[in-house]
Amino acid sequence: MSRHDQLAAGLATVRERIAGACADAGRDPDEVRLVVVTKFFPESDVRLLADLGVTDVGENRHQEAEAKAAACADLALTWHFIGGLQSNKAAAVASYSHVVESVDRAKLVGPLAKGAGAREQPLDVLLQVSLDPPGAEGRAGADAADLPALAGRVAEAEHLVLRGLMAVAPLGGDPVAAFARLAELHRSFVSAHPAATWLSAGMSGDLEHAVRAGATHVRVGSAILGSRPRVK
Ligand SMILES: *Cc1c(COP(=O)(O)O)cnc(C)c1O
């Protein structure tokens with residue numbers, strides 16, 4: 001099978017899974033945007049995906065993302081940054097990303113706003129909230145209790161647009177419970193920030209649970225592109 005046909009098959013399967021979960025939940029599949037996570041995969045795959053109708057791609061490492069976004073600058077893609085952010089790289093990340101989904105501390109707000117301002121384009125921001133128990137190994141994301149203050153900082157920053165929340169289900173935990181908690185957090189978040197309606201949740205292994213819990217964005221890599229090398 002050609003790479004094109006592999007990716008087409010993976011995409012068709014994932015789109016069916018999203019449609020099935022939407023049918024279960026009585027949701028319109030157009031409410032769920034598929035972000036294809038292309039980390040570790042080459043520019044050539046991004047081009048094939050764009051040909052296959054993919055509009056949104058996600059990357060989690062700055063150097064790789066920067067190079068791929070530059071190489072694919074001729075494609076009308078929306079680039080999502082979904083990885084851990086260092087504050088000294090945040091302005092650079094804002095210079096090629098359209099959405100930064102992994103904002104988890106106030107220290108990132110200034111550099112992101114600066115990068116977006118230099119590019120003269122507003123940057124969509126999601127706050128990443130941790131669904132892990134406190135002290136869990138490799139925990140990423142802000143504590144739920146810190147979201148209001150962080151949201152306030154983003155909302156008042158120039159060039160940044162507060163769009164909603166992002167989360168990853170805890171490794172080895174129950175995604176149904178985790179996403180139910182996330183949906184609850186998002187409900188109270190939207191009551192304070194009515195325009196922040198985006199909820200990015202769900203990956204290859206758990207996207208149905210996320211869609212049933214109200215995700216507006218799913219981030220899917222391996223179910224479309226195949227398995228990645230096991231390095232982080
Ligand atoms: C890698 C990654 C994904 C995609 O994971 P798959 O299991 O390959 O679908 C989604 N979200 C984040 C934050 C990631 O780092």
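In listed order, ligands and their atoms are each counted from 1. For the numbers below, each heavy atom of this structure counts, side chains included, while hydrogens, waters and symmetry mates do not.
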Is the cationic atom of R61 (NZ for Lys, CZ for Arg) positioned less than 6.0 Å from the six-membered ring centroid of F40 and within 45 degrees of its normal? yes
Is there a polar contact between ligand 1 and G221, counting only N or O atoms under 3.5 Å apart? yes
Looking at ligand 1, does R228 have a heavy atom less than 4.0 Å from it? yes
Which of the atoms of ligand 1 are close to S204, meaning less than 4.0 Å from one of its heavy atoms? 6 (P), 7 (O), 8 (O), 9 (O)
Just verifying a value: how many Å separate H217 NE2 and L165 CG, rounded to the nearest 0.5 Å? 12.5 Å
Flag if over 12 foreign heavy atoms under 6.0 Å of CZ, R153: no
Could you label the plane-to-plane angle of the F189 and H193 rings as parallel, tilted or perpendicular, counting under 30° as parallel and over 60° as perpendicular? tilted
For atom 14 (C) of ligand 1, which of M203, K39, R219 has the closest heavy atom? K39
Give the numbers and elements of all ligand 1 atoms closer than 4.0 Å to a heavy atom of V220. 9 (O)
In terms of side-chain heavy atoms, does S227 have a donor or acceptor partner in S222 at a distance below 3.5 Å? no
